[in-house]
Protein chains: 2
Amino acid sequence: MHAVIAIPVSAAAAPPPHLRKITMGERIYAAASAGVAWRVRRGAVRLDRITSAGRSFAGLALQGDVIGAETLLFGQYSFEACAIGDCELEPWLTAEKAPSGESLLQTLAATERRAADALALRAGEAFERVRQLCLLLARARDDGRWEIAIPGLKDMAAITNLTEATVSRAMSRLRRMGMLQRQDRRRALVFVRPEVACAI
Amino acid sequence: MHAVIAIPVSAAAAPPPHLRKITMGERIYAAASAGVAWRVRRGAVRLDRITSAGRSFAGLALQGDVIGAETLLFGQYSFEACAIGDCELEPWLTAEKAPSGESLLQTLAATERRAADALALRAGEAFERVRQLCLLLARARDDGRWEIAIPGLKDMAAITNLTEATVSRAMSRLRRMGMLQRQDRRRALVFVRPEVACAI
DNA sequence: CGCCGCGTTGAGCCACGTCAACATAGGTGG
DNA sequence: CCACCTATGTTGACGTGGCTCAACGCGGCG
């Protein structure tokens with residue numbers, strides 16, 4: 001697992017690997033660890049978000065896709081990557097980390113995080129999905145409270161992969177529990193009580 | 001709904017808008033139409049993939065996220081975008097479409113497509129989800145048949161948000177139906193009969 | 001050999017989908 | 001202003017698809 005021989009830091013950081021072959025089931029990199037970005041030449045990779053609650057599926061990468069691009073920005077991986085099939089990986093954009101692409105890199109990282117959020121909204125119990133969606137849509141106001149503009153039930157149902165009836169029931173329960181306080185009916189602003197909402 | 005006054009095409013196409021305010025429920029752009037990329041300054045946006053079977057949720061964009069970046073590459077939007085809340089949009093990367101960012105743009109577009117694929121794997125009936133996952137993992141071989149390296153049930157269950165038992169039942173059914181032919185047991189190569197698989 | 005991880009299959013049950021009835025708001029036309 | 005219509009949200013009753021739990025077969029490994 002660990003390096004057998006002690007290598008000077010400069011030497012260890014210098015030689016970027018040029019091709020990696022991974023066997024099915026093997027972990028490619030761990031979340032929050034350092035490394036380079038990779039392009040998947042062959043195989044399939046599963047990305048997972050690691051939280052205190054455990055790991056949850058956060059993305060899929062197939063042939064041609066790039067994984068770990070966020071490391072070029074943050075210096076560490078946001079997700080964990082595991083090979084779902086035998087893989088060949090090649091380093092991606094190691095040297096020519098063009099400063100003109102900074103904005104694009106940020107956008108790429110944000111897109112992947114948002115995709116992971118959306119995936120998470122389709123796992124777990126119905127009530128929890130709707131609750132998480134509300135928290136995702138909430139914004140802090142000037143007075144310190146949070147508010148959300150509730151979308152239509154159709155949209156919430158499509159996002160969470162539930163039915164409108166189930167979403168409506170979950171919203172009613174959130175209101176009964178005091179997490180949501182209706183401000184005005186229909187496409188209205190609704191308050192989120194932080195002390196309740198923050199107990200994620 | 002329609003333009004009240006007829007505007008010359010050159011005039012209509014010339015001035016890139018500098019800020020767009022969208023009201024909840026309004027469509028921002030249609031799939032396969034032309035336009036610019038946008039950054040969401042405020043609000044929430046729902047992305048949908050438009051297929052012959054209808055529209056299906058394909059992504060979420062919140063404050064700070066970029067939508068429609070693929071139009072810089074392909075000249076048209078891949079998804080449809082609708083405002084889930086009142087939005088403010090500003091054009092993104094219209095002028096300085098740096099050629100050095102070409103690779104990054106392609107990666108960004110691919111990432112969004114893959115995220116939409118992953119989301120689709122968590123909607124619909126269990127059997128169909130597993131079937132679509134198999135098709136996604138399948139690769140064409142030299143002899144014209146398709147093959148897939150089946151991941152573990154744990155992985156397939158995590159991706160589709162089903163249980164191992166349900167995935168196993170779906171895989172058995174695929175085998176009984178002749179779509180999959182087991183090549184060798186356990187982490188094995190399995191053949192996909194194209195004539196069956198292509199009847200998506 | 002015993003053990004463990006993985007896949008498979010059955011039985012029962014429950015969370016959610018389905019269907020329906022109704023309430024309310026908004027829009028439109030008179 | 002009201003009458004009417006439609007879209008949307010709410011809630012109840014009921015059925016079911018998939019989860020839970022469990023047993024079992026199989027292969028790999030110490």
Side-chain angles (χ1 to χ4, degrees), chain A residues 23-27 46 56-57 82-85 121-134 137 148-177 180-190, chain B residues 1 23-27 46 54-57 82-86 121-134 137 148-177 180-190:
Chain A
T23 62
M24 173 183 268
E26 197 179 338
R27 190 167 73 179
R46 159 187 178 180
S56 63
F57 176 68
C82 286
I84 291 259
L121 290 176
R122 291 180 165 217
E125 294 206 344
F127 175 72
E128 199 56 25
R129 290 193 219 178
V130 175
R131 182 165 163 269
Q132 294 294 343
L133 175 57
C134 287
L137 295 176
I148 74 174
I150 298 188
L153 286 186
K154 267 198 173 61
D155 291 318
M156 298 182 75
I159 293 171
T160 56
N161 193 34
L162 299 167
T163 60
E164 293 180 47
T166 302
V167 174
S168 176
R169 274 182 258 263
M171 292 296 287
S172 299
R173 191 170 149 202
L174 284 173
R175 261 180 251 116
R176 280 198 305 274
M177 288 175 59
L180 294 179
Q181 285 175 6
R182 185 172 270 164
Q183 201 62 4
D184 78 60
R185 176 167 174 65
R186 192 167 178 73
R187 72 175 57 180
L189 295 182
V190 170
Chain B
M1 280 309 173
T23 62
M24 173 184 269
E26 197 178 338
R27 190 167 72 178
R46 160 187 176 178
R55 97 178 38 180
S56 64
F57 177 67
C82 285
I84 292 259
D86 293 344
L121 290 176
R122 290 179 165 217
E125 294 205 343
F127 175 72
E128 199 57 25
R129 290 194 219 177
V130 175
R131 183 165 162 268
Q132 293 295 344
L133 175 57
C134 287
L137 294 176
I148 73 174
I150 298 188
L153 286 186
K154 266 199 173 63
D155 291 319
M156 300 183 74
I159 293 171
T160 56
N161 193 33
L162 299 167
T163 59
E164 294 179 47
T166 302
V167 174
S168 177
R169 273 181 259 262
M171 293 296 288
S172 299
R173 191 168 149 203
L174 284 172
R175 261 179 252 118
R176 279 198 306 273
M177 289 175 60
L180 293 179
Q181 285 176 5
R182 186 172 269 164
Q183 202 62 4
D184 78 60
R185 178 168 172 64
R186 195 170 177 71
R187 73 175 55 181
L189 295 182
V190 170

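All values derive from a computational prediction rather than experimental measurement. Below, chain A is the first sequence line, B the second, and so on; all start at residue 1. Heavy atoms only: backbone and side chains are in, while hydrogens, waters and symmetry mates are out.
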Side-chain-base donor-acceptor pair under 3.5 Å for B:R173 and C:dT9: no
Sugar-phosphate only, base, or nothing, as touched by B:R129 at under 4.0 Å among non-hydrogen atoms: nothing
B:S168 side chain near C:dG7 phosphate (N/O to OP1/OP2, under 4.0 Å): no
Contact under 4.0 Å: A:R176 side-chain N or O vs D:dT11 OP1/OP2: no
Interatomic distance, A:R122 CZ vs C:dG17 P [rounded to whole Å]: 12 Å
From A:E164 atom CD to A:D155 atom CG, the distance as rounded to the nearest 0.5 Å: 9.5 Å
Smallest separation among heavy atoms of B:T163 and B:A157, with atom names: C-CB, 3.8 Å
B:E164 CD - D:dA23 P separation (whole Å): 18 Å
Value in whole Å for how far the C1' atom of D:dT10 lies from CE of A:M171: 12 Å
Residue among B:N161, B:I159, B:T166 satisfying side-chain contact (heavy atoms from CB on, under 4.5 Å) with B:R129: B:N161
Earlier contact from the 5' end, DNA chain C, for A:A165 and B:G152: B:G152
Integer-rounded Å distance: D:dC19 P and B:K154 NZ: 15 Å
Protein-nucleotide distance (B:R175, atom CZ; C:dG7, atom P), rounded to Å: 10 Å
A:E128 CD to C:dC16 C1', straight-line distance once rounded to whole Å: 16 Å
Nearest atoms (heavy-atom pairs only) where B:I150 meets A:M24: O-CE, 3.2 Å
Touch class at under 4.0 angstrom, heavy-atom based, for A:N161 against every strand present: sugar-phosphate
A:T163 side-chain N/O to C:dT18 phosphate OP1/OP2 under 4.0 Å: no
C:dG7 phosphate, OP1 or OP2, under 4.0 Å from B:R169 side-chain N/O: no
Nearest-angstrom distance from the residue atom CG of B:L174 to P of C:dT8: 11 Å
Over all atoms of both residues, closest heavy-atom pair of B:L174 and B:V130: CD1-CG1, 4.2 Å
Separation of C:dA15 C1' from B:L162 CG (nearest whole Å): 15 Å
